[in-house]
Amino acid sequence: MSATMTARLIRFAMIATAATSLTACGAASRIADIGKAPEMSGIQDPQAKTGYQPVSLPMPTPLPTERNPNSLWRTGAKAFFKDQRAAKVGDILTINISIADQAKLSNESKRSRANTEKAGMPNLFGLEGATLSRVLPAGASAASLVDLSSDTSNDGKGSVDRNEKIELKVAALVTQTLPNGNLVIQGHQEVRVNYELRDLQIHGVIRPEDITAQNTISYEKIAEARISYGGRGQITDVQQPRYGQQLYDIIMPF
């Protein structure tokens, strides 16, 4: 067996071993879901989830609150009348997500290069004649010992044509109030249709002033927004390549 064939067999054995170990945990959950819809996750306290970290951002110097006797206005208040908009931890507001993103890019680059190098040794203390005839094959010329040439040409093209449109509404929960009055929000929504589960998550920081009278806010007014829209289930499972194929594409892309 040739060395090349041995190397290929070893490579395939490594891929098979890695694929088996990767699919062990995923295959068990897939087999368990055969014939039934995906399980929906339970409602949890966002701050109690593993990995949750409070948001820390640069804040202005807090101003002291002064109380004026016999006054209807309180220093530092942002409104005269109390409203029902989200303002403190635990309050709920609605987020309107309307994304219409379109991008079209095209790029092309060409590069070429040609090199020619020649080197010889016509005279070197009289040694170029007899010495070369003993060392080099017959007919070698001291005047043209080395003759190198190279030619390189590269042609690259790339294009991106993307069109995305998302229209969603999701209720979010205020999980933290920052010292400057801004609110940290977190929303999670799951919708199951037959055997497919759609999962929508959103996180970010908003200003109370941007919340409308209907207790809603648009997604473009959310700072540090993190919007995730995906799913899992039978359709998603069919659309995804097998773990072994994904691993094979990574190790042997060509």
Side-chain angles (χ1 to χ4, degrees), residues 22 25-26 28-30 32-33 36-63 65 74 76-79 81-101 164-237 239-240 243:
L22 286 175
C25 57
S29 60
R30 289 181 178 181
D33 290 338
K36 65 178 183 179
E39 294 291 338
M40 301 185 72
S41 58
I43 300 176
Q44 301 179 3
D45 182 0
Q47 294 185 355
K49 290 183 179 180
T50 304
Y52 176 84
Q53 295 182 355
V55 176
S56 178
L57 297 174
M59 295 292 131
T61 303
L63 299 176
T65 301
R74 180 174 57 86
K78 298 182 178 181
F81 297 102
K82 181 177 178 60
D83 56 33
Q84 300 299 318
R85 295 181 299 176
K88 59 182 182 298
V89 175
D91 288 349
I92 298 175
L93 74 159
T94 302
I95 302 174
N96 296 324
I97 303 175
S98 178
I99 301 176
D101 187 14
E164 300 173 351
K165 186 175 182 180
I166 301 176
E167 297 283 346
L168 294 170
K169 290 184 178 180
V170 59
L173 188 69
V174 178
T175 60
Q176 186 181 352
T177 302
L178 300 179
N180 64 344
N182 290 343
L183 307 176
V184 180
I185 59 172
Q186 179 173 339
H188 187 193
Q189 182 185 89
E190 292 183 356
V191 179
R192 187 177 66 192
V193 179
N194 294 332
Y195 291 90
E196 188 69 14
L197 182 66
R198 287 301 173 186
D199 191 345
L200 173 62
Q201 299 184 31
I202 184 168
H203 309 264
V205 181
I206 64 173
R207 299 190 313 162
E209 294 84 354
D210 293 331
I211 304 175
T212 66
Q214 290 75 32
N215 197 33
T216 63
I217 189 171
S218 183
Y219 82 100
E220 72 270 8
K221 296 181 180 179
I222 303 176
E224 298 297 322
R226 303 292 186 269
I227 303 175
S228 173
Y229 181 61
R232 63 182 185 273
Q234 291 184 353
I235 297 177
T236 303
D237 186 64
Q239 291 177 340
Q240 296 294 325
Y243 292 146

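These values consider heavy atoms only, across backbone and side chains, with no hydrogens, waters or symmetry-generated copies. None of these values were measured; they are calculated from a predicted model.
Between the OH atom of Tyr52 and the NE2 atom of His203 there is a distance of 10.0 Å, given to the nearest 0.5 Å. Here the OG1-CD1 distance, from Thr94 to Ile217, works out to 11.0 Å after rounding to the nearest 0.5 Å. In this structure, Ile166 CD1 and Tyr219 OH are separated by 9.0 Å, a value rounded to the nearest 0.5 Å. Atom CG of Asn96 sits about 10.5 Å away from atom NZ of Lys221, to the nearest 0.5 Å. We find the OG1-CG distance between Thr212 and Leu93 to be 9.0 Å, quoted to the nearest 0.5 Å.
In this structure, Gln53 has no side chain to side chain donor-acceptor pair (under 3.5 Å) partners at least two apart in sequence or on a different chain. The salt bridge (charged side-chain N to carboxylate O under 4.0 Å, His left out) check on Asp199 picks up nothing, with sequence neighbours excluded. Residues forming a side chain to side chain contact (heavy atoms under 4.5 Å, CB included) with Ile202 (at least two apart in sequence, or on another chain): Ile95, Ile97, Val170, Ile222, Ile227.
Nearest heavy atom pair, residue Thr175 against residue Gln186, reads CG2-CB, 3.9 Å. Looking at every heavy atom in both residues, Lys49 comes nearest to His188 through NZ-ND1, 4.2 Å. Nearest heavy atom pair, residue Val205 against residue Val184, reads CG2-CG2, 4.3 Å. Listed here is the closest heavy atom pair of Glu196 and Gly231: OE2-C, 4.3 Å. Closest approach of Ser98 to Glu167, counting heavy atoms only: OG-OE2, 2.9 Å. The two atoms that bring Arg192 and Leu197 nearest to each other are CB-CD1, 3.6 Å, heavy atoms only.
Residues Leu183 and Thr177 meet the side-chain proximity criterion, which asks for heavy atoms closer than 4.5 Å. A 4.5 Å side-chain heavy-atom check between Asn215 and Gln84 finds every atom pair outside the cut-off.
Using modelled atom types, one finds no donor on one side chain facing an acceptor on the other under 3.5 Å when comparing Gln214 with Thr216.
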